[in-house]
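Just so it is clear, the model here is predicted, and its values are computed rather than measured.
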Amino acid sequence: MPSFQSLSPNVEPPRSEAELLQRALSLAGRSFAEIAQQHQTGIPQHLRKQKGWGGMLMELCLGASAGSKPEQDFPHLGVELKTIPISTKGRALESTYVAITPLLELKGIDWQHSNVRLKLAKVLWVPIIAERGIPVAERVISTPFLWSPSPAQEAMLQKDWEDHMELISLGKIDTITAHQGEILQIRPKAANSKVRTQATGPNGQIIATLPRGFYLRSRFTSGLLADHFGLN
DNA sequence: AGATGATCATTA
DNA sequence: TAATGATCATCT
């Protein structure tokens, strides 16, 4: 199994947003095969057991801080990096994971201080043409772009976030399904369905429940792609 | 076909 | 266990 940490050359963190974007744009049109070769790392046949492979490779290319720290990928720039699998027609093929859903100690947090708002404040989207029939090596990077929520988009995000968090505060986490939320949904985020974490139950007691995460619906991210590439 | 619920690797 | 990086597998 290829190890990024041992095999990749050191890439310095970008010093500015412009440098980051320029670096990202230089990847447009290139395949995973080319990029992996440049970084002297192998390519998995499929992503079934390496779901985050593409994202990790982009982190390497762009000089993101590695590791599992709960902060933005480029803290000094206030930018979060997200790869997004797209069809040849430019449609998002998957939802986008944003952040863990907090289930306990909710008193201090509001939208302004939420992990969702922080992560989405400024995102470098890196679209990858990644239909399932395309071998991983042949998948090609499309044109990356920077995005920040418009006032209307942020209002939608806030509304969904507040609706979800109210239910969680009321001890109703186990009633929430992926059907809820216009653009921001809550889905499981765990190694498997037997994992448990703590939450508040219907009677205010502590219960054990499946860890959840916030995800952007693909309908929404497809819209961002259309906005940027002028496909409206 | 599109979306939901489940799942996989790695690090701290 | 919890956070990072996400896509898979299955159902409607």
Side-chain angles (χ1 to χ4, degrees), chain A residues 1-8 32 36 39 41-75 79-105 114-116 118-120 123-136 139 141 164 173-199 206 208-223:
Chain A
M1 189 174 302
S3 162
F4 290 130
Q5 199 162 36
S6 60
L7 296 178
S8 64
F32 272 155
H39 287 264
T41 188
I43 304 173
Q45 291 301 304
H46 53 73
L47 300 182
R48 184 186 307 167
K49 291 197 175 295
Q50 307 199 204
K51 298 181 178 180
W53 184 83
M56 303 294 280
L57 184 60
M58 290 304 101
E59 287 189 345
L60 280 182
C61 291
L62 299 173
S65 44
S68 58
K69 298 183 287 286
E71 58 184 19
Q72 291 154 315
D73 294 292
F74 303 96
V79 174
E80 174 74 9
L81 172 64
K82 289 287 178 198
T83 60
I84 181 167
I86 65 171
S87 69
T88 54
K89 295 184 176 180
R91 226 261 164 186
L93 295 174
E94 294 286 349
S95 56
T96 299
Y97 170 69
V98 178
I100 287 291
T101 305
L103 301 176
L104 228 43
E105 300 169 20
S114 67
N115 53 2
V116 172
L118 173 67
K119 297 261 179 139
L120 297 183
V123 178
L124 176 62
W125 294 102
V126 180
I128 297 164
I129 301 174
E131 287 173 346
R132 294 196 188 180
I134 305 176
V136 176
R139 296 182 185 181
I141 313 301
H164 289 311
I173 179 60
D174 286 341
T175 74
I176 298 179
T177 77
H179 296 277
Q180 290 155 262
E182 294 293 323
I183 62 175
L184 187 71
Q185 62 181 174
I186 287 180
R187 304 224 306 282
K189 175 60 174 170
N192 60 66
S193 61
K194 294 176 182 174
V195 175
R196 287 295 180 270
T197 191
Q198 291 188 328
I206 296 293
T209 191
L210 189 57
R212 318 298 166 94
F214 286 110
Y215 295 76
L216 293 175
R217 291 187 179 279
S218 56
R219 178 198 317 157
F220 177 72
T221 50
S222 287

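- With C:dA2, B:dT4, B:dA6 as the choices, the nucleotide that has an atom nearest any side-chain atom of A:Thr197 turns out to be C:dA2.
- Nearest-nucleotide mapping onto DNA chain C: of A:Arg132 and A:Ala99, the residue sitting toward the 5' end is A:Ala99.
- Map A:Arg48 and A:Glu94 each onto its nearest nucleotide of DNA chain B; the residue landing nearer the 5' end is A:Glu94.
- Salt-bridge formation is detected for the pair A:Arg132/A:Glu94: a Lys NZ or Arg NE/NH1/NH2 atom is positioned less than 4.0 Å from an Asp or Glu carboxylate oxygen.
- In the set B:dT7, B:dA9, C:dG5, B:dT7 carries the atom at the smallest distance from any side-chain atom of A:Asn192.
- Nucleotide C:dA3 holds its P atom 17 Å from the CE atom of A:Met56, rounded to whole Å.
- Taking only side-chain nitrogens and oxygens, A:Thr83 comes nearer than 4.0 Å to OP1 or OP2 of C:dA6.
- Relative orientation of the A:Trp53 and A:Phe32 rings is perpendicular, given thresholds of 30° and 60° on the angle between their planes.
- Looking at A:Arg187, A:Arg219, A:Arg217 one by one, the single match for side chain to side chain donor-acceptor pair (under 3.5 Å) with A:Ser95 turns out to be A:Arg187.
- Side-chain N/O atoms of A:Gln185 include none lying less than 4.0 angstrom from OP1 or OP2 on B:dA3.
- Set against B:dA3, B:dA6, B:dA9, the side chain of A:Arg187 has B:dA6 as its closest nucleotide.
- Here A:Ser193 reaches the OP1 or OP2 of B:dT7: one of its side-chain N or O atoms lies under 4.0 Å away.
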